[in-house]
Amino acid sequence: MTAPVRVLVCDDQALIRTGFATIIDAQPDLEVVGECGDGRAAVDLAGRLNPDVVVMDVRMPVLDGIGATRLLAGAGVPDPVKVLVVTTFNLDEYVYEALRAGASGFLLKDAPPSQLLQGIRTVASGAALLAPEVTRQLVGRFAARIRPVEEVPETQLAPRELEVLRLIAEGLSNSEIAAALVISQETVKTYVSRILTKLDLRDRVQAVVYAYRRGLVT
């Protein structure tokens with residue numbers, strides 16, 4: 001049997017933390033190995049418990065979720081931990097910063113339990129969790145903040161790869177990109193893989209951030 005996915009839950013609201021833990025522990029393939037109420041405790045516990053995924057709130061005392069995510073999964077971290085940010089989108093205006101800090105994706109706190117569970121499994125598998133409709137919300141709300149002061153032209157990518165990258169950043173799924181470009185989904189997957197490799201990006205989340213920071217999306 002495959003070992004269950006080890007999950008650390010970090011949220012400063014005890015009720016939410018307990019609710020998440022109860023939902024997660026009820027699954028045979030998931031296991032809550034720890035709980036905490038601030039980002040510093042999350043970093044300390046992650047070092048001791050070695051979780052597969054950290055479910056992370058954004059607004060917390062001592063050290064917020066962005067700072068904790070940066071320490072757990074940011075650039076230069078030798079053994080990064082997968083972080084799933086779960087946030088109240090309308091209140092937390094730093095979701096983009098959390099993604100930039102290294103989070104593998106995010107969910108809204110009002111998402112149904114099934115989405116939370118699938119999100120944990122998705123992130124644990126190494127994939128990014130950034131649903132197209134949520135991407136559209138994110139970039140629509142924060143486009144002004146994400147846009148760089150100076151546009152930096154990208155020369156590493158072929159024209160078709162740039163086209164795919166722009167569509168990813170606009171929130172299109174693989175099937176939507178395939179339909180837009182009149183190519184197969186397998187071809188889209190190949191392009192996505194090439195883009196991530198060429199730009200040394202971990203996943204689609206980082207690709208979206210990359211595109212907006214370099215002014216590739218208008």
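FYI, side chains are in, hydrogens and waters are out, and symmetry mates aren't considered; it's all heavy atoms of this structure.
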Dump the intermediate steps for side chain to side chain contact (heavy atoms under 4.5 Å, CB included) on Val85 and Val58, then the final yes or no. CA-CA 7 Å; Val85 173; Val58 172; 3.4 Å; yes
Look at Glu163 together with Arg166 and state whether they make a salt bridge at an N to O cut-off of under 4.0 Å. no
When rounded to the nearest 0.5 angstrom, what distance separates CG in Asp200 from OH in Tyr210? 10.5 Å
How close do Ala73 and Gly102 get, heavy atom to heavy atom, and via which atoms? CB-O, 3.5 Å
For Asp64 and Arg59, what are the C-alpha separation, side-chain angles and deciding distance, and is it a side chain to side chain contact (heavy atoms under 4.5 Å, CB included)? CA-CA 5 Å; Asp64 65 19; Arg59 290 187 170 182; over 6 Å; no
Walk me through it: do Leu165 and Val192 pass the test side chain to side chain contact (heavy atoms under 4.5 Å, CB included)? CA-CA 8 Å; Leu165 176 59; Val192 172; over 6 Å; no
Taking all atoms of both residues into account, what is the closest heavy-atom pair of Lys198 and Ala158, and its distance? NZ-N, 4.2 Å
Can you give each donor-acceptor pair under 3.5 Å made by side-chain atoms of residues 37-48, sequence neighbours left out, with the distance rounded to 0.1 Å?
residue: Asp38; atom: OD1; partner: Arg40; partner atom: N; Å: 3.0
residue: Asp38; atom: OD1; partner: Ala41; partner atom: N; Å: 2.8

Return the minimal non-hydrogen interatomic distance between Thr122 and Ser125, and the atom names on each side. O-OG, 2.6 Å
Measure the spacing between CZ of Phe20 and CG of Asp57 and express it to the nearest 0.5 Å. 8.0 Å
Side chain of Glu176, backbone of Ser173: donor and acceptor closer than 3.5 Å? yes
Counting distance only, does the side-chain N/O of Thr197 pair as donor-acceptor with the main-chain N or O of Ser193 below 3.5 Å? yes
Of all the heavy-atom pairs spanning Pro51 and Val81, show the shortest one and how long it is. O-CG1, 4.0 Å
When rounded to the nearest 0.5 Å, the distance separating OG1 of Thr190 from CD of Glu161 is 10.5 Å
Using every non-hydrogen atom in the two residues, find where Thr187 and Ile183 come nearest and quote the distance to one decimal. CG2-CD1, 4.0 Å
For residues Lys82 and Ala124, report the shortest heavy-atom separation together with the two atoms involved. CE-O, 3.7 Å
If I take atom CG from residue Asp79 and atom CG from residue Asn50, how far apart are they, to the nearest 0.5 angstrom? 7.0 Å
Would you indicate whether the side-chain heavy atoms of Val77 and Arg70 approach each other to under 4.5 Å? no
Hey, can you pull the donor-acceptor pairs under 3.5 Å for the side chains in residues 23-30, sequence neighbours left out?
residue: Asp25; atom: OD1; partner: Val32; partner atom: N; Å: 3.0
residue: Gln27; atom: OE1; partner: Arg121; partner atom: NH2; Å: 3.1
residue: Asp29; atom: OD1; partner: Arg121; partner atom: NH2; Å: 3.0
residue: Asp29; atom: OD2; partner: Arg121; partner atom: NE; Å: 2.6

Find out whether Met56 and Leu84 are in side-chain contact, i.e. whether some heavy atom of one side chain is under 4.5 Å from a heavy atom of the other. no
Per-pair distances, 0.1 Å, donor-acceptor, side chain in residues 7-18, under 3.5 Å, sequence neighbours excluded:
residue: Asp11; atom: OD1; partner: Gln13; partner atom: N; Å: 2.8
residue: Asp11; atom: OD2; partner: Lys109; partner atom: NZ; Å: 3.0
residue: Arg17; atom: NH1; partner: Asp11; partner atom: O; Å: 2.5
residue: Thr18; atom: OG1; partner: Ala14; partner atom: O; Å: 2.9

Do any N or O atoms from the side chain of Arg6 and from the backbone of Leu49 form a donor-acceptor pair under 3.5 angstrom? yes
If you round to the nearest 0.5 Å, how far is CG of Leu181 from CG of Leu167? 5.5 Å
Rounded at 0.5 Å granularity, tell me how far CG in Leu107 sits from OG1 in Thr87. 10.5 Å
